[in-house]
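Residue numbers count from 1 along this sequence. Atoms considered below: every heavy atom in the structure, side chains included; atoms not considered: hydrogens, waters and symmetry mates.
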Amino acid sequence: MAFPVTRLRRLRRTAQLRDMVRETRLTPEAFVYPMFVCPGEGVRKAIGSMPGVFNLSVDEAVKEAHDVHSLGVPAVILFGLPEKKDEVATGAWADDGIVQQAARALKRAVPELVLMGDVCLCEYMSHGHCGIVRGASPKSLGAAVAEPAAKSRVVPSETEGKNSKVASFAPAAPADYEIDNDASLELLARTSVSLTRAGIDIIAPSDMMDGRVAAIRRALDDANFINTPILSYAAKFASGFYGPFREAADSAPQFGDRRSYQMDGANLREAIREIELDIEEGADMIMVKPAMPYLDVIAAARDRFDLPLAAYQVSGEYAMIEAAARNGWIERDRVMMESLVSIRRAGASIILTYYAKEAAKLLG
């Protein structure tokens, strides 16, 4: 029936009525809180482009984890800032890596908190890319790892001459490099096993190398971690919204960009193919990143797939809200919650967000 018999405003008349008929609901249980862990003690370094977010030493991360858990947020995802970087991302897979240290400490302090481990190499690579950089003379990964980092040469300067030789996995000249997909899989698999051994509950590969989920699944199973689930960043787009994160994680590429492995933002059908392939390879959960600029991708994934679906409200989304609020242009809390509801409404059952704590407080 049409107006005047049908009046949709009847159910909007009071807060109680609006609450009763609300279709999309947020709860703290849906949130995952990202944390950046760095060396040192007593470190709580503010990230300039992300007000309220910090680089944390392990002891400070433990305090933050207690706070997160007390608010009803069930999980955190850990990113690491290593003391040193090299061409084979040693800090990502070393037993004493910064995330491994943090995982052990958090498991001891807050055993009920679910720990996700971001599996990527960019924070640990001297060149800032998400995989092994190959120049003109490739060699096996085993040989590259076996060589001390000090022996690897960086790109020669112009004064060294054009005929200078460069170690295969040292940063290549911007016009002459490639991310070696298959060699990178070995490092990603090794990192996943190391993180799981340290106490990480969920492995979350974000590198966008082809075949990484299958490689990680095999490695975990071979190490007898058959019950460790994989949350794949299945549709991760090459995005301008990652800028503040790269400050937080010190992970900006030193040359080139990531468009040869992260997805083109114009491609919805390709995103569905990426998700399908990751599911075939053994992903237990899937993710779309960024979130709000790609709500259509989240909705399409929800319609197509039955796996748990996550979305990452990335650093640029967070920073824009914070900047606008600090200028008095928007109501911070209202826009924060509206943005999270939009991600949930599109179909994400899990939301990675820097607002996890603030939103949980508002939700009670």
Side-chain angles (χ1 to χ4, degrees), residues 24 26 28 30-36 44-56 64 68 71 73 76-77 79 81 118 120 122-123 128 204 206 208 233 235-253 257-259 262-268 271 287-301 309-363:
T24 303
L26 284 174
F31 299 146
V32 178
Y33 184 59
M35 293 171 58
F36 300 96
R44 190 175 180 86
K45 179 185 174 185
I47 299 166
S49 56
M50 299 175 69
V53 181
F54 303 87
N55 290 336
L56 304 168
E64 192 85 347
V68 169
L71 292 168
V73 176
V76 299
I77 185 165
F79 300 90
L81 287 81
D118 178 82
C120 196
C122 56
E123 302 106 304
S206 63
M208 289 303 285
Y233 289 65
K236 180 178 178 180
F237 293 88
S239 173
F241 285 88
Y242 301 148
F245 176 95
R246 291 173 183 173
E247 176 195 349
D250 188 24
S251 62
D257 56 38
R258 295 176 177 151
R259 297 183 192 188
Q262 294 179 358
M263 283 194 58
D264 186 333
N267 296 354
L268 172 59
M287 188 195 301
V288 175
K289 178 182 179 183
M292 211 154 81
Y294 297 93
L295 295 179
D296 60 324
V297 180
I298 297 170
L309 174 60
Y312 199 143
Q313 186 184 46
V314 300
S315 58
E317 298 174 65
Y318 174 88
M320 287 194 305
I321 294 172
E322 288 297 303
R326 285 167 182 252
N327 278 284
W329 298 334
I330 60 172
E331 297 176 40
R332 176 183 181 268
D333 289 353
R334 182 177 179 181
V335 172
M336 170 183 72
M337 298 305 287
E338 186 175 343
S339 68
L340 293 171
V341 166
S342 75
I343 298 166
R344 180 72 186 89
R345 187 182 65 245
S349 53
I350 302 165
I351 304 174
L352 289 75
T353 175
Y354 303 98
Y355 282 127
K357 294 196 302 178
E358 295 302 314
K361 291 174 185 175
L362 290 179
L363 292 169

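In terms of heavy atoms, Phe31 sits closest to Leu363 at CE1-CD1, 3.9 Å. A pairwise comparison of heavy atoms in Val32 and Val76 identifies CG1-C, 3.8 Å as the closest pair. Between Ala356 and Val73 the shortest heavy-atom distance is O-CG2, 3.8 Å. For Ala360 against Leu71, the heavy-atom pair with the smallest separation is CB-O, 3.7 Å. The two atoms that bring Leu268 and Ala300 nearest to each other are CD1-CB, 4.0 Å, heavy atoms only. Among all heavy-atom pairs drawn from Pro244 and Met50, the shortest one is CB-CG, 3.5 Å.
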Pairs under 3.5 angstrom only: tabulate donor-acceptor contacts from the side chains of residues 336-344 to other protein residues two or more places apart or in another chain.
unit_1: Ser339; atom_1: OG; unit_2: Gln313; atom_2: NE2; d: 2.9
unit_1: Ser339; atom_1: OG; unit_2: Val335; atom_2: O; d: 3.3
unit_1: Ser339; atom_1: OG; unit_2: Met336; atom_2: O; d: 2.6
unit_1: Ser342; atom_1: OG; unit_2: Ser339; atom_2: O; d: 2.6
unit_1: Arg344; atom_1: NH1; unit_2: Ala348; atom_2: O; d: 3.2

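Looking at Tyr318, its side chain does come within 3.5 Å of a backbone N or O of Pro51 through a donor-acceptor pair. In this structure, Lys236 contributes its side chain and Ser206 its backbone to a donor-acceptor pair below 3.5 Å. No donor-acceptor pair closer than 3.5 Å links the side chain of Asn327 to the backbone N or O of Trp329.
For the pair Glu123 and Leu81, the minimum side-chain heavy-atom distance is 4.5 Å or more. Between Pro293 and Glu317, some side-chain heavy-atom pair lies under the 4.5 Å cut-off.
Rounded to the nearest 0.5 Å, atoms OG (Ser49) and CD (Glu322) are 11.0 Å apart. In this structure, CG on Leu56 lies 12.0 Å from NZ on Lys45, to the nearest 0.5 angstrom. Phe237 CZ to Tyr242 OH: the interatomic distance, rounded to the nearest 0.5 Å, is 8.0 Å. Between Ile321 atom CD1 and Arg334 atom CZ the span is 13.5 Å, to the nearest 0.5 Å. From Tyr33, atom OH reaches atom CD1 of Ile77 across 13.5 Å, with rounding to the nearest 0.5 Å. Once rounded to the nearest 0.5 Å, the distance linking CG of Asp333 with OH of Tyr355 reads 8.5 Å.
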Output, in order, the C-alpha distance, side-chain angles, deciding distance and verdict of side-chain contact (heavy atoms from CB on, under 4.5 Å) for Met287 and Leu352.
CA-CA 10 Å; Met287 188 195 301; Leu352 289 75; 3.9 Å; yes
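Taking the six-membered ring for Trp and thresholds of 30 and 60 degrees, Tyr233 and Tyr312 have ring planes inclined between 30 and 60 degrees apart.
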